[in-house]
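Below is one structure; the comments refer to it alone.
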Amino acid sequence: MQNDNVVPLRPPEENQNQKPQEGGALFQGIACEAPPCPAWLSKEAKKHYRFLCAELKKAGLIAKIDQGALAILCTSYARMKEAEEKLQDRGTEYQKTPSGYMQLAPEAVQWERHSSKYEKLAKQFGVTVRARQNFKVENPDQGELEL
């Protein structure tokens, strides 16, 4: 049974001749390097993008092809933060409708939507505590332990 959370330290045989760029290592057969930050991201999203890229590169868990997913992750973070700031200004998560009913404020709905999207993508990048607990590194050079 193959575990998708196991990261091989050595690339598959067909990718062994690929040379890592910028002095980096290979991650799942792809050069480990941070993708460029998209110019269209908001200021807050760019800030989070650069932070995550730096941390994921240190861990050897990012490649250029991750740019799109990382941009979505960081956009969700920025929009979640924006909604939280509006909720703090409002002082409550609820608003009264013209007919007198209480309902969630649009900012609370926005926060919920973007935090959910962020959490789903963050797991894929190993950015959550739970994702890191399930993340195993396989060293093919270690060999088997014989008891």
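The structure displayed is predicted, hence computed values, not measured ones.
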For a 4.5 angstrom cut-off between non-hydrogen side-chain atoms, does Lys123 reach Glu119? yes
According to a 4.5 Å side-chain heavy-atom criterion applied to Ile, Leu, Val, Met, Phe, Trp and Tyr, with indirect links allowed, do Ile72 and Phe51 form part of one hydrophobic cluster? yes
When Glu107 is tested against each of Arg90, Lys86, Gln88 for side chain to side chain donor-acceptor pair (under 3.5 Å), which residue passes? Arg90
Can you confirm whether more than 12 heavy atoms, excluding those of Lys46, are under 6.0 Å from its NZ atom? yes
Pairwise side-chain contact, Leu56 with Asp66, heavy-atom cut-off 4.5 Å (strictly under): no
Minimum heavy-atom distance Gln110-Arg79, with the two atoms named: NE2-O, 3.7 Å
Hey, what do you get for NE2 (His48) to CG (Leu41), rounding to the nearest 0.5 Å? 11.0 Å
I would like to know whether Trp111 and Leu104 meet side chain to side chain contact (heavy atoms under 4.5 Å, CB included); could you show each step before the answer? CA-CA 11 Å; Trp111 187 92; Leu104 279 175; over 6 Å; no
Side chain to side chain contact (heavy atoms under 4.5 Å, CB included) evaluation trace for Glu33 with Lys64: CA-CA 6 Å; Glu33 59 183 303; Lys64 279 188 172 182; 3.2 Å; yes
Is any side-chain N of the basic residue among Glu55 and Lys58 closer than 4.0 Å to the acidic one's carboxylate O? yes
Within the side chain of Glu93, is there an N or O that forms a donor-acceptor pair under 3.5 Å with the backbone of Leu87? no
If I compare all heavy atoms of Pro36 with all of Gln67, which pair ends up nearest, and what's the gap? O-NE2, 2.6 Å
How long is the span from the OG1 atom in Thr75 to the CD atom in Glu44, to the nearest 0.5 Å? 11.0 Å
Determine whether Tyr49 and Pro35 make a side-chain contact, defined as any pair of heavy atoms from C-beta on separated by less than 4.5 Å. yes
Where Leu61 and Cys32 come nearest, the two heavy atoms and their spacing: N-SG, 4.0 Å
Would you sort out whether Leu52 and Phe125 count as a side chain to side chain contact (heavy atoms under 4.5 Å, CB included), showing the intermediate values? CA-CA 9 Å; Leu52 285 178; Phe125 282 99; over 6 Å; no
How far apart are the closest heavy atoms of Ala78 and Ser42, and which atoms are they? CB-OG, 3.7 Å
Return the minimal non-hydrogen interatomic distance between Leu70 and Cys53, and the atom names on each side. CD2-SG, 3.3 Å
Does Glu112 offer a backbone N or O that forms a donor-acceptor pair with the side chain of Ser116 under 3.5 Å? no
Give the ring-plane orientation class for Tyr118 versus Tyr77, where under 30° counts as parallel, over 60° as perpendicular and anything between as tilted. tilted
Taking side chain as C-beta onward, heavy atoms only, is Gln95 less than 4.5 Å from Pro106? yes
